Amino acid sequence: METLGPYDVVVVGGGLAGLRAAIEARRHGASALVVAKSHPVRSHSSAAEGGVAAYIEGASDPRDSPLQHAFDTVKGSDWLADQDAVELMAFDAERAILELEKWGCLFSRDPDGKIARRPFGGHTYPRTRFAADKTGMCMLHTVYERALAEGVDMLYEFYVTDVVSDKRKVYGVIGFDVKSGDVYFIKSKAVILATGGGGLMYKFSTNSYLNSGDGYAIAARAGAPLADMEFIQFHPTALYPSNILITEAARGEGGYLINKNGERFMKRYAPERMELAPRDVVARAIMNEIKEGRGFEGGYVLLDLTHLGEEKINERLPLVREVSIKFAKVDPVKEPIPVRPAAHYTMGGVKTNLDGATEVKGLFAAGEAACVSVHGANRLGSNSLLETLVFGRRAGMAAAAYAKEVGYSEPPKEALSEAEARLWLPTTSESGLSFGQLRKEVGEIMWNYVGIERNEEGLKTAVKKLKELMNMTKYVKGSGGPGAYELVAAHETINMVMNAYATATAALWRTESRGAHYRSDYPKRDNENWLAHTIMRWKGTWEMEKLPVTITRWPPQERKY
Ligand SMILES: Cc1cc2nc3c(=O)[nH]c(=O)nc-3n(C[C@H](O)[C@H](O)[C@H](O)COP(=O)(O)OP(=O)(O)OC[C@H]3O[C@@H](n4cnc5c(N)ncnc54)[C@H](O)[C@@H]3O)c2cc1C
């Protein structure tokens with residue numbers, strides 16, 4: 001094993017949150033290294049299409065305000081978001097977007113030259129800023145260039161298996177260079193996990209193949225609690241049958257959802273907001289149409305954009321057109337697109353405070369890996385890109401400040417050797433248990449029992465099966481050495497099983513329905529018992545506790561759209 005560092009701050013993840021954090025750490029005088037299992041610009045952030053929410057003075061509806069944005073977010077979250085975090089994000093949004101624009105991000109413009117905005121689900125006024133339907137790509141390239149200019153070191157195609165910690169404090173990360181297979185211990189005072197979401201544990205998901213949710217499992221093993229893992233967002237419109245995302249911007253620009261009778265069925269579920277109700281509401285509506293026999297054979301409905309016209313589709317939704325033609329042989333200018341819901345976003349994550357800090361000293365998290373929490377039980381579209389910028393920056397600042405205070409100390413010997421042994425485990429497995437088989441099983445279990453609609457019986461089955469799979473993970477096989485892609489996949493799968501086990505356990509524990517967590521056996525929201533975050537700690541099994549939600553201005557109301 002070779003050693004690198006020590007660095008002040010090591011960021012795991014080269015997506016928007018990780019790069020934004022690293023930039024800020026540098027700006028506060030810290031040495032910073034970004035480690036990513038992909039090239040940074042291939043991170044899932046680059047797949048974000050629809051846009052990023054922000055009230056911008058002079059370029060917003062006159063009735064809009066940061067406070068309105070915050071309220072919409074709290075309502076969207078079904079009152080589970082922490083309102084101090086939400087307010088902070090909404091009030092910092094304008095600064096975050098203008099900063100990115102100064103760094104060179106080419107946002108689409110209105111005819112008067114102002115940064116354009118489009119409507120998005122659950123946002124009262126149009127405030128979603130975009131670069132056509134390739135917003136994430138544009139933002140990610142901008143922060144990547146900026147990070148290089150600020151002197152951030154980068155290590156690409158390097159897989160981190162664990163944070164090295166004694167459960168109270170971090171000492172760095174351990175992992176391997178995928179190309180050479182060489183193993184490294186990278187020493188650092190602070191570590192920021194910005195590893196993105198974990199949607200890949202579902203059979204149907206819009207997420208990229210990178211999104212195995214490594215950061216959740218890594219943090220839990222390092223001693224940090226996770227929060228609200230039962231809340232998984234299902235995006236209403238993934239292309240049938242490939243599950244590639246058809247952005248909500250398609251509905252924002254005026255697209256309709258229709259069932260096999262040609263009916264705009266959203267009028268039955270959200271008469272006011274229709275297709276622009278929040279995602280949990282629209283996803284459940286689609287599943288209900290399919291369940292009651294009004295979907296098309298194979299299980300999908302249609303998204304109709306034909307009335308928008310070719311010019312608007314080409315200007316505002318070019319990627320939607322390209323993807324539909326390439327992957328479903330449907331030209332949205334001429335015919336409606338077949339769509340169905342798919343797992344999309346992990347609302348829960350590594351529990352952090354407003355500065356990204358966890359309970360473990362020196363361990364921070366940001367972006368989709370973290371749960372601050374601003375999305376609560378249901379994220380509003382276009383709030384997540386914003387979260388990466390606002391809380392990535394704060395985590396970078398806080399990690400740099402922490403690194404300034406402490407000296408570097410060497411890890412306890414056992415902590416390092418334990419982490420190294422875990423890294424090699426799949427290479428010594430003789431049973432030959434294939435990660436592919438295990439992944440397939442996890443995907444089926446999660447989709448069938450921990451999906452859009454849940455109940456006690458199904459969740460109990462899921463927890464039991466996942467516990468068994470958890471015990472099997474020590475037998476997963478994956479060889480190391482040069483081109484260690486098998487070893488990557490083996491570790492990703494182990495993490496996916498652990499995350500799936502967390503999600504199923506939390507979903508069984510929460511006996512109410514709230515936002516994206518819908519229990520057919522407990523169909524009502526229960527504020528008396530469950531206006532609380534689910535906190536879980538890994539002790540070989542998941543230990544659960546509740547933490548009250550922070551309410552600043554808005555006590556729970558009925559959630560109607
Ligand atoms: C198809 C799609 C469209 C979306 N559209 C929008 C949108 O329009 N608006 C919006 O607000 N949100 C959108 N989202 C959500 C949003 O894009 C993500 O939540 C956000 O980009 C996550 O950024 P991140 O930096 O946290 O993680 P990511 O961008 O996912 O980056 C994670 C990084 O971590 C690295 N990594 C992970 N594990 C390891 C490991 N073990 N070792 C080393 N490196 C590791 C990866 O290589 C990657 O660099 C969309 C999501 C999807 C899937």
Side-chain angles (χ1 to χ4, degrees), residues 10-22 34-54 118 120-121 128-131 133-137 139-140 143-144 154-163 173-178 186 192-200 205-218 233 235 237-239 243-249 252 279 319 323 342-347 349-350 365-370 375 379-389 391-392 395 488 491-492 494-495:
V10 166
V11 181
V12 186
L16 276 167
L19 292 172
R20 186 63 195 84
V34 167
V35 190
K37 65 181 175 182
S38 58
H39 187 282
V41 299
R42 295 185 70 91
S43 303
H44 190 66
S45 290
S46 70
E49 303 172 21
V52 48
R118 60 168 45 127
F120 240 64
T128 296
R129 317 290 162 171
F130 55 95
D133 55 1
K134 299 173 184 175
T135 313
M137 174 91 78
M139 291 170 66
L140 188 60
V143 290
Y144 175 62
M154 307 249 182
L155 209 50
Y156 309 143
E157 296 184 30
F158 185 102
Y159 186 84
V160 171
T161 51
D162 273 303
V163 158
V173 301
I174 184 168
F176 54 91
D177 181 304
V178 183
I186 309 175
I192 302 176
L193 291 171
T195 41
L200 213 57
S205 161
T206 64
N207 283 196
S208 83
Y209 280 99
L210 296 167
N211 287 5
S212 46
D214 296 333
Y216 308 126
I218 291 174
Q233 178 164 80
H235 198 290
T237 62
L239 190 65
N243 301 310
I244 298 172
L245 181 78
I246 300 296
T247 169
E248 185 166 316
R279 291 175 176 175
L319 190 63
V323 161
H344 182 60
Y345 186 85
T346 313
M347 260 90 64
V350 183
E368 198 170 335
H375 309 302
R379 171 178 76 96
L380 290 190
S382 70
N383 265 348
S384 149
L385 291 181
L386 179 60
E387 177 192 14
T388 65
L389 297 177
F391 292 99
V488 171
H491 277 290
E492 286 178 339
I494 293 167
N495 292 337

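Quick caveat: nothing in here was measured; it's all calculated off a predicted structure. Whatever order the structure lists ligands and atoms in, that order sets their numbers, starting from 1.
- When each of Val34, Val10, Val11, Val12 is checked for a side-chain contact (heavy atoms from CB on, under 4.5 Å) with Ile192, only Val11 meets the rule.
- The shell of residues lying under 4.0 angstrom from ligand 1, judged by heavy atoms, includes Arg379.
- Listed by number with element, the atoms of ligand 1 under 4.0 angstrom from any heavy atom of Ala17 are 25 (O), 26 (O).
- Looking from atom 27 (O) of ligand 1 to the surrounding protein, the closest heavy atom is Gly196 CA, 3.3 Å.
- Put simply, the side chain of Thr135 never gets that close to the backbone of Ala48: no donor and acceptor are under 3.5 Å apart.
- No heavy atom of Phe130 sits closer than 4.0 Å to any atom of ligand 1.
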Original post:
Do Asn243 and Thr206 pass the side-chain contact (heavy atoms from CB on, under 4.5 Å) test, and can you show the C-alpha distance, the side-chain angles, and the key distance before you say yes or no?
Top reply: CA-CA 6 Å; Asn243 301 310; Thr206 64; 5.6 Å; no
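- Side-chain N or O atoms of Arg279 include none that pairs as donor or acceptor with a backbone N or O of Glu248 at under 3.5 Å.
- For the ligand labelled ligand 1, residue Thr135 lies outside the 4.0 Å heavy-atom shell.
- Under 4.0 angstrom from ligand 1, the non-hydrogen atoms of Thr195 come from both its backbone and its side chain.
- Only the backbone of Ala194 comes within 4.0 Å of ligand 1, counting heavy atoms alone; no side-chain atom from C-beta on gets that close.
- Considering every non-hydrogen atom in both Phe176 and Thr161, the closest pair reads CE2-CG2, 3.9 Å.
- Note: Tyr144 and His39 have perpendicular aromatic rings, judged against thresholds of 30 and 60 degrees for the angle between ring planes.
- Per-residue contacts place Ser384 under 4.0 angstrom from the following atoms of ligand 1 (heavy atoms of the residue considered): 11 (O), 12 (N), 15 (C), 16 (C), 18 (C), 19 (O), 20 (C).
- With ligand atoms numbered from 1 in the order given, ligand 1 contributes 5 (N), 8 (O) to contacts under 4.0 Å with heavy atoms of Glu49.
- For ligand 1, the atoms sitting less than 4.0 Å from at least one non-hydrogen atom of Asn207 are 53 (C), numbered in the order shown with element in parentheses.
- Within the structure, ligand 1 lacks Gly381 among the residues with a heavy atom less than 4.0 angstrom away.
- Among Gly367, Gly51, Ser205, the residue whose heavy atom lies closest to atom 9 (N) of ligand 1 is Gly51.
- An N or O contact shorter than 3.5 Å links Ser45 to ligand 1 by distance.
- Taking 4.0 Å as the cut-off, Glu248 does not count as a neighbour of ligand 1 on heavy-atom distance.
- Below 4.0 Å from some heavy atom of Gly15 lie the following atoms of ligand 1, by number and element: 25 (O), 29 (O), 31 (O), 33 (C), 49 (O).
- Remark: ligand 1 and Thr206 share no N or O pair separated by less than 3.5 Å (distance only, no angle test).
- Here the side chain of Thr346 pairs a donor or acceptor atom with the backbone of Gly198 at under 3.5 angstrom.
- Counting heavy atoms from C-beta on, the side chains of Ile186 and Leu155 come closer than 4.5 Å.
- Considering backbone and side-chain atoms together, Leu210 places no N or O closer than 3.5 Å to any N or O of ligand 1.
- Contacts between Leu245 and ligand 1, counted as non-hydrogen atom pairs separated by less than 4.0 Å, involve the side chain only.
- Between the side chain of Thr128 and the main chain of Gly51, no donor-acceptor pair closer than 3.5 Å is present.
- The shortest N or O to N or O distance between Ala47 and ligand 1 is not under 3.5 Å.
- Note: no N/O pair closer than 3.5 Å links His344 and ligand 1 by distance alone.
- Heavy atoms of Val52 come nearer than 4.0 angstrom to ligand 1 in no pair at all.
- Ligand 1 has no N or O atom lying under 3.5 Å from any N or O atom of Thr388, backbone or side chain.
- For atom 47 (O) of ligand 1, the closest heavy atom belonging to the protein is Ser38 OG, 2.8 Å.
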**OP:** Apply the test side-chain contact (heavy atoms from CB on, under 4.5 Å) to residues Asn495 and Tyr216: give CA-CA distance (whole Å), side-chain angles for both, the deciding distance (0.1 Å), then the verdict.
**Re:** CA-CA 8 Å; Asn495 292 337; Tyr216 308 126; over 6 Å; no
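- At a threshold of 4.5 Å between non-hydrogen side-chain atoms, the residues Leu140 and Ser46 count as touching.
- Considering Gly50, Ser43, Ala21, Ala238 only, the shortest heavy-atom separation from atom 49 (O) of ligand 1 involves Ser43.
- Residue contact check for ligand 1: Ser382 places a non-hydrogen atom closer than 4.0 Å to it.
- Remark: ligand 1 atoms within the under-4.0 Å shell around heavy atoms of Phe158 are 42 (N), 43 (C).
- Among all heavy-atom pairs drawn from Ile246 and Glu49, the shortest one is C-OE1, 4.4 Å.
- Considering backbone and side-chain N/O atoms, Leu386 never comes within less than 3.5 Å of an N/O atom of ligand 1.
- With hydrogens and angles disregarded, a donor-acceptor distance shorter than 3.5 Å links the side chain of Ser45 to the backbone of Leu16.
- Nearest to atom 40 (C) of ligand 1 by heavy atom, out of Val488, Asn495, Asp214, is Asp214.
- Ligand 1 has Leu16 within reach: a non-hydrogen atom of the residue lies less than 4.0 Å from it.
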**OP:** Would you please test Lys134 and Leu319 for side-chain contact (heavy atoms from CB on, under 4.5 Å) and show each step?
**Re:** CA-CA 7 Å; Lys134 299 173 184 175; Leu319 190 63; 4.1 Å; yes
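- Considering backbone and side-chain N/O atoms, Val12 never comes within less than 3.5 Å of an N/O atom of ligand 1.
- Contact check on Lys37 versus Glu492 returns a salt bridge, with a Lys/Arg side-chain nitrogen under 4.0 Å from an Asp/Glu carboxylate oxygen.
- Residue Asn383 comes nearest to Ala53 through the heavy atom pair OD1-CB, 3.6 Å, listed as atom of the first residue, atom of the second, then distance.
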**OP:** Walk me through it: do His375 and Glu387 pass the test side-chain hydrogen bond (donor to acceptor under 3.5 Å, both in side chains)?
**Re:** CA-CA 9 Å; His375 309 302; Glu387 177 192 14; 2.7 Å; yes
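- Checked by distance only, ligand 1 and Tyr345 stay at 3.5 Å or farther apart across all their nitrogen or oxygen atoms.
- Within the listing of ligand 1, atoms 41 (N), 42 (N) sit less than 4.0 angstrom from a heavy atom of Tyr159.
- The shortest heavy-atom contact between Gly199 and Ala343 is O-CB, 4.2 Å.
- Closest heavy-atom contact between Leu19 and Met154: CD2-CE, 3.8 Å.
- For atom 6 (C) of ligand 1, the nearest protein heavy atom (residue, atom name, distance) is Ala48 CB, 3.4 Å.
- Within the structure, the closest approach of Gly136 to ligand 1 does not fall below 4.0 Å when heavy atoms are considered.
- Contact annotation: for His44 versus ligand 1, heavy atoms closer than 4.0 Å belong to both the backbone and the side chain.
- Looking only at heavy atoms of the protein, atom 35 (C) of ligand 1 is closest to Gly13 CA, 3.6 Å.
- Relative ring orientation between His344 and His235 is described as perpendicular, the plane-to-plane angle rising above 60° on a 0-90° scale split at 30° and 60°.
- Listed by atom number, the atoms of ligand 1 under 4.0 Å from Asn383 heavy atoms are 11 (O).
- Taking each heavy atom of Ser384 and Tyr345 in turn, the nearest pair found is OG-CE1, 3.4 Å.
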